[in-house]
Amino acid sequence: MNSHQQVRVWDPAVRLFHWGLAGSFLVAYVVEDHWLDLHVLAGYTALALIAFRLIWGMVGTRHARFSDFVRPPREVFTYLRDVVSFRAPHYVGHNPAGGAMVLALLALVVLTGITGLATYGAQEFAGPLAGLTAGLGHDGGEFLEETHEVFANLTLLMVFLHLAGVAVASLQHRENLVWSMVTGNKRKPSGE
């Protein structure tokens with residue numbers, strides 16, 4: 001049993017968003033265009049979740065708000081330097097690198113989704129962007145598909161970096177950050 005005091009950090013909306021986005025991206029990435037309907041549904045789900053998260057990031061609970069964890073690049077780099085030197089401070093919510101990762105993943109999933117919608121419109125003549133992209137022809141559709149794949153692969157790379165960051169922070173601060181995203185609770189830093 002952990003003797004450290006626990007504090008509620010991640011509300012149910014943040015946790016459902018997190019695992020929903022992870023699941024949606026995983027499904028879309030794995031099925032690719034083998035099961036196009038499922039791929040498209042997973043993509044729509046991911047975009048809807050991000051739309052919700054953008055709103056919740058402005059009006060949600062304290063640690064859900066962007067104002068709680070979005071930091072200037074200088075603070076992010078200082079924090080990363082402190083991680084490498086094993087003296088990174090413990091944060092109740094997202095640390096500066098985690099906050100930067102949230103923004104990067106949100107942006108990349110949006111870019112992946114938009115290019116996916118454009119590809120769907122150009123190649124399948126379906127979806128909300130079909131009117132804009134259906135006339136691009138074969139080469140235009142291929143370009144959009146390649147762009148979509150680049151963004152999806154960049155997103156996957158960032159997911160791996162995110163997982164590595166979670167592992168490093170969990171080890172350095174002796175807390176299970178994955179479990180905290182399940183329960184919503186984290187260890188309260190000493191001195192608070």
Side-chain angles (χ1 to χ4, degrees), residues 10-61 63-71 73 76 93-94 96-166 177-178 181-182:
W10 311 122
D11 63 65
V14 167
R15 296 188 325 254
L16 287 170
F17 160 79
H18 178 272
W19 295 113
L21 185 62
S24 297
F25 179 78
L26 178 65
V27 167
Y29 195 90
V30 168
V31 303
E32 232 178 307
D33 52 357
H34 302 294
W35 291 316
L36 186 60
D37 289 342
L38 181 57
H39 179 83
V40 170
L41 178 62
Y44 282 139
T45 301
L47 288 173
L49 285 165
I50 288 178
F52 162 77
R53 185 62 180 95
L54 292 175
I55 294 167
W56 197 243
M58 292 181 283
V59 301
T61 57
H63 296 295
R65 290 188 202 134
F66 297 121
S67 61
D68 186 65
F69 63 83
V70 174
R71 299 286 174 249
V76 174
H94 287 296
M101 182 58 74
V102 168
L103 296 180
L105 285 170
L106 290 175
L108 282 169
V109 172
V110 166
L111 290 169
T112 303
I114 290 171
T115 56
L117 289 171
T119 302
Y120 191 49
Q123 294 182 344
E124 302 296 323
F125 312 108
L129 299 182
L132 296 172
T133 60
L136 292 178
H138 177 74
D139 290 341
E142 288 294 316
F143 174 78
L144 288 170
E145 183 176 17
E146 291 297 321
T147 305
H148 178 60
E149 288 177 9
V150 166
F151 283 126
N153 289 326
L154 282 172
T155 303
L156 184 62
L157 173 64
M158 293 303 283
V159 166
F160 287 133
L161 290 174
H162 168 61
L163 294 174
V166 166
L177 293 178
V178 174
M181 192 52 76
V182 172

Any side-chain heavy atom of T133 within less than 4.5 Å of one from L136? yes
Rounded at 0.5 Å granularity, tell me how far CD in E124 sits from CG in L36. 5.0 Å
Can you tell if the side chain of H39 reaches within under 4.5 Å of the side chain of D33, non-hydrogen atoms only? no
What I'd like to find out is whether the side chain of W35 reaches to under 4.5 Å of the side chain of V40, using heavy atoms alone. no
Find out whether M158 and M101 are in side-chain contact, i.e. whether some heavy atom of one side chain is under 4.5 Å from a heavy atom of the other. yes
At their closest point, which heavy atom of T119 faces which heavy atom of E145, and how far apart are they? OG1-N, 3.3 Å
Is it true that atom CZ of F143 has more than 12 heavy atoms of other residues, nucleotides or ligands lying nearer than 6.0 Å? no
Trace of the side chain to side chain contact (heavy atoms under 4.5 Å, CB included) decision for L47 with L117: CA-CA 10 Å; L47 288 173; L117 289 171; 3.8 Å; yes
With a 4.5 Å limit on heavy-atom distance, are the side chains of F151 and V109 in contact? no
With side chains defined as the heavy atoms from C-beta onward, is the minimum distance between L105 and H162 less than 4.5 Å? yes
Over all atoms of both residues, closest heavy-atom pair of A64 and D11: CB-OD2, 3.7 Å
Would you name the heavy atoms of M181 and W19 that are closest together and state the gap between them? O-NE1, 3.0 Å
Below 30° counts as parallel, above 60° as perpendicular, anything between as tilted: where do the rings of F25 and Y29 land? tilted
When you measure from the side chain of R15 to the backbone of V182, do you find a donor-acceptor pair of N or O atoms at a distance under 3.5 Å? yes
Spatial distance of atom CZ (R53) from atom CG (L16) [nearest 0.5 Å]: 12.0 Å
When rounded to the nearest 0.5 angstrom, what is the spacing between CG in L154 and CG in L111? 9.5 Å
Side chain to side chain contact (heavy atoms under 4.5 Å, CB included) between L144 and H148: does it pass, once the steps are laid out? CA-CA 6 Å; L144 288 170; H148 178 60; over 6 Å; no
I'd like to know if the side chain of R65 reaches the main chain of G60, judged simply by a donor and an acceptor atom lying under 3.5 Å from each other, with no hydrogens or angles considered. yes
Step by step, work out the side chain to side chain contact (heavy atoms under 4.5 Å, CB included) result for T115 and T147. CA-CA 7 Å; T115 56; T147 305; 3.9 Å; yes
Do H63 and W10 come close enough that some side-chain heavy atom pair is under 4.5 Å? yes
Find the distance between CD (E32) and CG (L38) and round it off to the nearest 0.5 Å. 12.5 Å
With side chain to side chain contact (heavy atoms under 4.5 Å, CB included) as the criterion, how do E142 and Q123 come out once you've worked through the C-alpha distance, each side chain's angles and the decisive distance to 0.1 Å? CA-CA 8 Å; E142 288 294 316; Q123 294 182 344; 3.8 Å; yes
Which atom of A42 lies closest to which atom of S24, heavy atoms considered: CB-O, 3.4 Å
